[in-house]
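Computed from a prediction, not measured in an experiment: that's the story for all the values here.
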Amino acid sequence: MSRLSRQPSERTIRPKLVSRLELARDGTLSGFVYDAQEPERRYSIEILLDGLVFSTTYADAFVPELAEQAHQASCGFAITIEPDLLRAARTLEARLANLGTPVGQSVNLESEGANRADLRKTCQLRWLGGLHFQGWIDSDSALFLEAIVDGEAVAQVNATAWTHVGEAAAHRNARAFDFHAPRRFADGRVHRVSLRREDGEPIPSTAVFVAFPDGLAGMIDALGGYGAERLRGQLYDQLIPASLPFSDYVNWCDRFPLPMPRASGLSLAVVVAGAPGAEQTLAALSIQTHESWTAGVIDGELLSVDSDALLEFLDSAASDSHHVVIAMAGVVLEPNALARIAAAFDAYPEAIALYGDLDFLAEDGRLWPLAFPAFDYERMLEQGYCAHLFAVRRDALLAGLETRPDNLYRLFNCLLDHAGPREDNILHLPGALATLPNLDRTYASRLLAAASQMHLDARAVSADVTPQQVNLFPAVRIGRAIPHQRVTVVIPTRDGLPLLRTCIDSIAPAVEFCRADILVVDNDSVDPKTIAYLAGLARRGVRTLRVEGPFNFARLNNHAAATLDSDVLCLLNNDIEASLEIEAVL
């Protein structure tokens, strides 16, 4: 007779840990868990208050203390605990999730020694895909760092912007940075990137990346891969998108040219506005792929328009052209610019005008893209962004010329003097049509201000238009006159006197500023102090309305609205304490 015996179960192997737990004065709990037997292992951590788990985190942050000892250093964690929770508890602990192994020493929250130095991250470096990296570093002043790839210094990194880091209860400011590694590292190999200061001190954060010159799917195709492998490559490219820096824009354009437009028999009239730089624009016209065009130069200052000369050109040399291209002198058109414009009018015969993206040649000789949105009426008024190069249907242009525009900004916006913005009839062509020369932006802003003012006057819109400090484009500020409307603030309440008093007192300055009214809807208040307060509101010009029945916010507001003839109603809870910004709302 055979006999079965139960084998003794294997003893649970407990990890040999080095750990630490600290609580900072700002409520940040931080620490690390290092497993000497398995240094690559990472643990999930449970955080306990008075023995109850209230949060979990993952220990994978960089720990400088371990790095100095040549240990695997990415095993730290940090979370921020709300102060109210800490004040209500006695002990704070951490343990390995599902194992129960303690992490560091528990913190006695009733002891004065509970507040200690913390192990929060002082910096972060993140790979965003391709050759693109972002991150932050704790510093009050701007920093200039070096990016190191596989031990080689490859790029300068400027940590000059600001960002917020940390949990909501302990947000702090840090210096942000953004950079790209050189294209030669898009070779399909794994690389490690780190940072160091100007004095050579390393920054305690690293990242590992892999990038491909044409995406992983493209590399698999080049190697003769098939089927599932290419599918995996496509999925990788979707999850880890490639990117190139703007400084590599020229090479990007060469690698990804715009599709060739369809051939068109449309005859175009090309008007070069202004004498300075006209030779450059004419030279670019001579190599256009679209052959049916007639060009004329309208003499004058930069951005100026002579309406009489333009009409004469349209009536004589360009009498058979039904579409007109208007270009600021000095604009250098792409070889297929006219072909793209003609094809767009063929595809969208209802369009009255169109414009495209531009490139900008910086003082250092580098080319930068200016990608515009779909037609934006307000941006057109305040930046004139689509007036430097645009095309327009002949009949619409002739109607606009009746206003005698004298600059390009006015020539474009006069198309809209007697109609709404009509976004659907003004096309945006994505992809650069031309390169924009440098502008005297202060001078251009004065012209834009005059043009926008004339346009708004033509539409009977009362507004003040003032030039603004500019950067790349001209800029103006448009302040429209806002007609006064009757505003009533409706506040339903039932007792709750402290809340109601705070609410009314906090909105009083804004109510006075915009000459609004207040209506308090009293729903069966019974507290004597509340009733006395409501009775005294009339002396402050505040109306009250008593509505009986169950408290229902929507019902009370609807009841109030039925008694009012105000233009605007502001529905407010009685527990709202307004900030100064409410003036902008009211």
Side-chain angles (χ1 to χ4, degrees), residues 5-24 27-81 91-109 113-127 133 135 137-138 148-151 165-167 189-196 201-210 239-240:
S5 62
R6 183 179 179 184
Q7 299 296 321
S9 61
E10 294 184 4
R11 187 175 58 184
T12 302
I13 299 176
R14 296 286 181 179
K16 185 177 181 180
L17 301 179
V18 177
S19 64
R20 184 173 174 180
L21 188 68
E22 301 282 358
L23 178 64
T28 299
L29 180 71
S30 54
F32 64 80
V33 182
Y34 176 69
D35 189 341
Q37 297 175 341
E38 299 180 78
E40 298 295 330
R41 188 172 182 180
R42 301 291 174 267
Y43 291 97
S44 293
I45 309 298
E46 293 178 336
I47 311 300
L48 300 87
L49 282 172
D50 291 343
L52 298 177
V53 176
F54 82 97
S55 181
T56 59
T57 186
Y58 189 64
D60 64 346
F62 187 85
V63 183
E65 175 183 334
L66 295 178
E68 292 173 358
Q69 302 173 19
H71 293 312
Q72 170 56 252
S74 297
C75 56
F77 62 90
I79 69 166
T80 300
I81 305 173
T91 60
L92 176 63
E93 304 168 86
R95 68 188 183 195
L96 302 187
N98 303 319
L99 295 179
T101 305
V103 173
Q105 298 294 321
S106 63
V107 178
N108 181 0
L109 297 176
N115 293 326
R116 308 169 184 173
D118 69 271
L119 301 176
R120 293 179 304 174
K121 291 191 291 186
T122 59
C123 61
Q124 184 181 56
L125 174 63
R126 293 194 308 132
W127 175 45
F133 300 88
I137 181 169
D138 281 332
I148 313 298
V149 176
D150 299 338
V165 299
E167 300 285 340
R189 299 179 180 179
V190 177
H191 300 280
R192 182 178 295 274
V193 61
S194 60
L195 299 169
R196 68 186 178 198
E201 179 186 353
I203 303 299
S205 187
T206 62
V208 175
F209 72 97
V210 59
L239 297 176
I240 312 293

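Contact check for Cys123 versus Ile203: side-chain heavy atoms found under the 4.5 Å cut-off. Contact of the Val193 side chain with the Ile148 side chain is not registered, since no non-hydrogen atoms from C-beta on lie closer than 4.5 Å. In this structure, Phe32 and Leu21 have side chains that are not in contact, with every pair of non-hydrogen atoms separated by 4.5 Å or more. With contacts defined as side-chain heavy-atom distances shorter than 4.5 Å, the pair Cys75/Asp60 does not qualify. When side chains are defined from C-beta on, Arg42 counts as touching Tyr58, because their heavy atoms get closer than 4.5 Å. Side chains of Leu29 and Leu92 form a contact here, defined as non-hydrogen atoms less than 4.5 Å apart. Residues Leu109 and Leu49 form a side-chain contact, since some pair of their non-hydrogen atoms from C-beta on lies under 4.5 Å apart. You'll find the side chain of Ile79 stays beyond 4.5 Å of the side chain of Thr28, heavy atoms only.
When all heavy atoms are compared, the tightest approach of Val103 to Arg20 is CG1-O, 4.0 Å. Across every non-hydrogen atom of Leu96 and Glu46, the tightest pair is O-OE1, 4.5 Å. When every heavy atom of Ser30 is checked against every heavy atom of Ala78, the shortest pair comes out as CB-CB, 3.9 Å.
Remark: side-chain polar atoms of Thr91 are not paired, donor with acceptor, to backbone N or O of Asn108 under 3.5 angstrom.
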What's the verdict on side chain to side chain contact (heavy atoms under 4.5 Å, CB included) for Leu17 and Tyr34, showing C-alpha distance, side-chain angles and the deciding distance? CA-CA 6 Å; Leu17 301 179; Tyr34 176 69; over 6 Å; no

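Taking the six-membered ring where tryptophan is involved, the planes of Trp127 and Phe209 are tilted, since the angle between them lies from 30° to 60°.
Separating the CG atom in Leu125 from the CG atom in Leu195 is a distance of 5.0 Å, to the nearest 0.5 Å.
With respect to the salt-bridge test (charged N to carboxylate O, under 4.0 angstrom), the residues Arg95 and Glu93 do not qualify.
Taking the side-chain hydrogen bond (donor to acceptor under 3.5 Å, both in side chains) definition, one finds that Asp150 meets it with His191, sequence neighbours left out.
When ring centroids are compared, Phe77 and Tyr43 stay outside the 6.0 Å threshold.
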